[in-house]
Amino acid sequence: MLITLKNILDIAESKNMAVAAFNVTSLEGILAVIEAAQEEDTPVILQFANIAHGKYIPLETIGKVMVMMADESKVPVCVHLDHGDNFDEIKRALDLGFTSVMYDGSALPFSENVANTRYVTSLANEYGASIEAELGAMGAEGDNENILGEYTDPEAAKLFVGETGIDALAASFGTVHGIYKSEPKLDFERIEKIRESTGIPVVMHGGSGISDADFRKCIDCGVRKINFYTYAAKYAGDAVRQMVESTSGNIYSHDILVSLRQSMIKTYKDAIRIFKNRQSF
Ligand code: 13P
């Protein structure tokens, strides 16, 4: 069943949990997300970051499959564009039937970010879709250490949400995209303040590499959507390496795909269980 981000976050709010938002880059990834969510009987978000992964598969190709598989799923699934940074890409995703889009204007001055986000909100509303936007800058993977971005200011966040009418706010409080090079130190109090000042769900980016205990604390502070990709991709790569090393005969591409998928299903189920925060459906 295909549902919007707003609706899936309402479920998360009522259960004091976070919904997993897994980035997909292949058919195997989509199949793994849906299978994991169905086995855990838990709503899930399928998302595609065209800006980062469009080089592996076109938005139009993977997008159609994401929408079709979400529609046929036994659990509620939101199909979301991650880190949309231009209006054309966002409109293409909405035309494909995505039920949610992210507009990422975090690199822009505040007023420009507000103006562009407000426009995307009106566009998404025309399609009956939801919108996530970002304020503050997300960190990035460095060579030797985590590169932290500018943390989100709770008062600026309140103004931003009031001016833009978004459904969820991607906030910066110590996470980084990619592999952590040092132990992440998250600012839990900041999450609480952002949740309180804005009144809307907080989104965590850079979920890979956060400890189970920190995930639970973030959820208790108001995180309702957790973006997660890198470690699922890495573990799947590790599984293929292991399979190749332990196989002496021919290796067929379909066996590699099965190995990738089985690994991703396990990673996704583990993550979904933690994000459920002890809730059941
Ligand atoms: P990771 O790849 O670090 O898990 O982050 C995913 C993400 O935040 C996508 O927006």
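Bear in mind that the values here come from a model prediction, so they are computed numbers and not experimental data. Residue indices begin at 1 and follow the sequence shown. In each ligand, atom 1 is the first atom listed, and ligand 1 is the first ligand listed. When reading the values below, keep in mind they use all heavy atoms of this one structure, side chains included, and skip hydrogens, waters and symmetry mates.
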J.: In terms of side-chain geometry, is the basic nitrogen of R216 or D212 positioned less than 4.0 Å from the acidic oxygen of its partner?
T.: no

J.: Are Y229 and H53, when compared by the centres of their aromatic rings, separated by less than 6.0 Å?
T.: yes

J.: Going by side chain to side chain contact (heavy atoms under 4.5 Å, CB included), K6 matches just one of I3, L9, D10, I8. Which one?
T.: D10

J.: At a heavy-atom distance under 4.0 Å, which protein residues reach ligand 1? Sort them by chain and number, would you?
T.: N23, D82, H83, V176, H177, G178, H205, G206, G207, S208, N227, F228, Y229, T230

J.: If only atom types and distance count, is the side chain of T164 paired as donor or acceptor with the main-chain N or O of F160 below 3.5 Å?
T.: yes

J.: Please say whether more than 12 non-hydrogen atoms of neighbouring residues, nucleotides or ligands are located less than 6.0 Å from CD in E39.
T.: yes

J.: Do V258 and V240 sit in the same hydrophobic cluster, where Ile, Leu, Val, Met, Phe, Trp and Tyr count as joined when their side-chain heavy atoms come under 4.5 Å apart?
T.: no

